[in-house]
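Here the structure is laid out as C-alpha cells; the discussion comes afterwards.
When a residue number appears, it is its place in the shown sequence, counting from 1. Excluded from the calculations below are hydrogen atoms, water molecules and symmetry mates; all remaining heavy atoms, backbone and side chain alike, are included.
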Amino acid sequence: MSNSSSITKFLLLPLGDTRQLQLLHFWLLLDIYLAALLGNGLVSTAVACDQRLHTPMYFFLLNLAFLDLGCISTTLPKAMANALWDTRAISYAGCVAQLFFFLFFISAEYFILTIMSYDRYVAICKPLHYGTLMDSRACATMAAAAWGTGVLYSLLHTASTFSLPLCQGNVVNQFFCEIPKILKLSCPGSYIREVVLLILSVCLVFGCFVYIVVSYAQIFMAVLRMPSEQGRHKAFSTCLPHLAVVSLFVSTAFFAYMKPSAVSSPSMDLMLALLYLVVPPAVNPLIYSMRNKEVKDAVRKVMTKCVSKAVNCPSFGIHGL
C-alpha cells in the first residue's frame with residue numbers, strides 16, 4: 001500500500017508490447033509531431049507576416065496555432081522518448097507539470113474555438129456591427145480571457161488531483177498523465193471533490209458546445225439567405241473548417257471521458273487519446289489552409305521567402321475587416 005508522499009515517479013502506458021512496435025510508434029509519432037510543428041509554424045508565420053491576414057478571424061487562428069503547438073508538445077515528446085529508450089517512467093513533478101500544461105492548452109484551445117464561433121457569428125449575422133464588436137481591444141480581451149481561464153482551470157484541477165492520497169500504486173494506464181487515470185490510483189472515497197469538478201467541467205464544455213451549435217445554426221440560416229453565390233461560398237469556406245475542427249475535438253474527447261467503463265480498455269483509451277490529443281493539432285493547419293485561399297496564398301508566400309532566405313515579418317496587429 002503506497003501513498004502520494006512515497007511516490008517519486010509514475011509508470012506510463014507503453015506504446016507497444018514489443019520493441020519493434022515501440023520503435024514503429026516512435027517513428028509514426030515523430031512524423032505526426034514534425035507535421036504539426038511545420039503546419040502550425042507555417043500558419044502562425046503566415047498570419048503574422050501577411051498584412052491582409054491581420055484581422056480578428058486570423059488573430060484567433062494564430063492563437064489556435066500556438067495552443068496546438070503547446071498541446072502536442074506537452075505530451076508527445078515524453079511518449080516518444082519513453083518509446084525510444086524503452087522506459088515507462090515519468091517523475092512525480094514531471095507528471096504534475098504535464099497534467100497542468102495539458103489542461104491549460106486543451107482548455108484554452110476550446111475557449112478560443114468558442115470565441116471563433118462568436119467571431120464568425122458577428123461577421124456574418126451582424127456585419128454592420130463587426131468593426132465595433134470585434135475591434136482590437138475586444139479581440140485582445142477575449143484572447144486574454146481564454147488564456148487566463150485556461151490557467152485558472154488547470155491550476156484548480158491539478159491542485160485538486162494531486163492533493164488526493166494515492167493508495168493504488170503508481171501505474172498510469174495512459175501514455176501521459178491524465179486525470180481519470182490518476183484518480184484510479186487514489187484511495188477509495190477520496191476523489192469525490194475532483195469528480196464534482198469534472199462534472200462541472202463537463203457542464204462548461206457542454207455549454208460552450210451548445211453555444212457553438214446555436215451560433216452556427218444562425219450562421220447557416222443567414223448564409224442560405226445570401227443572394228450572392230460567391231458570398232455564400234466565402235462564408236462556408238471560413239465556417240466549415242472551424243466546425244470540422246470543433247466536431248473532431250469535442251466528439252473524440254467526449255467519448256474518451258464519458259464512455260462506459262465496460263467498453264474501456266488500455267488500447268481503446270490509447271487510441272482515443274491520440275485522436276483528440278494528437279490528430280487535431282496535426283490536421284488543423286491542413287483543414288484551415290485547404291479551404292482558405294488567403295491562408296494558402298500567405299503560406300505559399302512564406303515558403304517562397306524561406307527558400308530565398310529573405311523572410312521579413314512586420315509586427316502583428318489587428319485590423320478590422
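- Expressed to the nearest 0.5 Å, how far NZ of Lys78 lies from OG of Ser73 amounts to 15.0 Å.
- In summary, of the residues considered (Val279, Leu274, Val278), a side-chain contact (heavy atoms from CB on, under 4.5 Å) with Ile32 occurs for Val278 alone.
- Scanning all heavy atoms of the two residues, the minimum distance from Lys184 to Gln168 falls at O-CG, 3.4 Å.
- The closest donor-acceptor contact from the side chain of Asn40 to the backbone of Pro281 lies under 3.5 Å.
- Summarising the geometry, atom OG belonging to Ser215 is positioned 9.5 Å from atom OH belonging to Tyr118; distances are rounded to the nearest 0.5 Å.
- Partners of Phe100 according to the side-chain contact (heavy atoms from CB on, under 4.5 Å) rule, which considers only residues two or more places apart in sequence or in another chain, are Ser154, Leu155, Thr158.
- One hydrophobic cluster, built from ILVMFWY side chains closer than 4.5 Å, holds both Tyr58 and Leu133.
- The shortest distance between side-chain heavy atoms of Thr114 and Tyr211 falls below 4.5 Å.
- At least one donor-acceptor pair closer than 3.5 Å links the side chain of Ser44 to the backbone N or O of Gly41.
- Counting only heavy atoms from C-beta outward, the side chains of Leu15 and Asn82 never approach each other to under 4.5 Å.
- Aromatic ring centres of Phe104 and Tyr153: separated by at least 6.0 Å.
- You'll find the side chain of Cys177 reaches within 4.5 Å of the side chain of Ile182, heavy atoms only.
- Note that CD1 of Ile219 is 5.0 Å distant from CD1 of Ile124, once rounded to the nearest 0.5 Å.
- Considering only heavy atoms from C-beta on, Met134 stays 4.5 Å or farther from His129 through its side chain.
- Residues Tyr92 and Phe162 have side chains in contact (heavy-atom distance under 4.5 Å, counting atoms from C-beta outward).
- Apart from Val210 itself, the hydrophobic cluster it occupies contains Phe206, Val214, where clustering links Ile, Leu, Val, Met, Phe, Trp and Tyr at side-chain heavy-atom distances under 4.5 Å.
- Ile179 and Phe175 end up in the same hydrophobic cluster when Ile, Leu, Val, Met, Phe, Trp and Tyr side chains are linked at under 4.5 Å.
- Between the side chain of Tyr33 and the backbone N or O of Ala282, no donor-acceptor pair lies under 3.5 Å.
- Looking only at side-chain heavy atoms (C-beta outward), Leu113 and Leu64 come within less than 4.5 Å of each other.
- Contact between Pro285 and Val43 at its shortest, heavy atoms only, is CB-CG2, 3.8 Å.
- Judged purely by atom type and a 3.5 angstrom limit, His25 has no side-chain atom pairing as donor or acceptor with the backbone of Pro14.
- By the 4.5 Å heavy-atom criterion applied to side chains, Lys181 and Phe176 are not counted as neighbours.
- Listed by chain and residue number, Phe26, Trp27, Leu34, Met80 satisfy the side-chain contact (heavy atoms from CB on, under 4.5 Å) test with Leu30 (two or more places apart in sequence, or in another chain).
- Tracing side-chain contacts under 4.5 Å through hydrophobic residues (I, L, V, M, F, W, Y), one reaches Phe209 starting from Tyr216; they form part of the same cluster.
- For Asp119, the side-chain hydrogen bond (donor to acceptor under 3.5 Å, both in side chains) partners are Tyr130, not counting sequence neighbours.
- The two atoms that bring Ala146 and Ile115 nearest to each other are CB-CD1, 4.0 Å, heavy atoms only.
- By the criterion of side-chain heavy atoms lying less than 4.5 angstrom apart, applied directly or through intervening Ile, Leu, Val, Met, Phe, Trp or Tyr residues, Leu11 is not grouped with Leu99; the two fall into different hydrophobic clusters.
- When the side-chain contact (heavy atoms from CB on, under 4.5 Å) test is applied to Thr74, the partners found at least two apart in sequence or on another chain are Gln98, Phe101, Phe102, Phe105.
- In terms of modelled atom types and a separation under 3.5 Å, the side chain of Arg88 and the main chain of Leu12 share a donor-acceptor contact.
- Applying the side-chain contact (heavy atoms from CB on, under 4.5 Å) criterion to Asp86, with sequence neighbours excluded, gives Arg19, Gln22.
- Here the CE-CE distance, from Met116 to Met142, works out to 12.0 Å after rounding to the nearest 0.5 Å.
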Practice task
Apply the test side chain to side chain donor-acceptor pair (under 3.5 Å) to residues His157 and Ser201: give CA-CA distance (whole Å), side-chain angles for both, the deciding distance (0.1 Å), then the verdict.
Solution key: CA-CA 10 Å; His157 274 290; Ser201 299; 2.8 Å; yes

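- Here the closest non-hydrogen pair linking Glu109 and Cys71 is OE1-CB, 4.5 Å.
- Leu23 contributes atom CG, which lies 12.5 Å from atom CG of Leu28 (distance to the nearest 0.5 angstrom).
- The shortest distance between side-chain heavy atoms of Ile72 and Asp68 does not fall below 4.5 Å.
- Note that the SG atom of Cys139 and the CZ atom of Phe59 stand 6.5 Å from one another [nearest 0.5 Å].
- Under a hydrophobic clustering in which Ile, Leu, Val, Met, Phe, Trp and Tyr are joined whenever their side-chain heavy atoms come within less than 4.5 Å, directly or via other members, Tyr121 and Met221 fall into different clusters.
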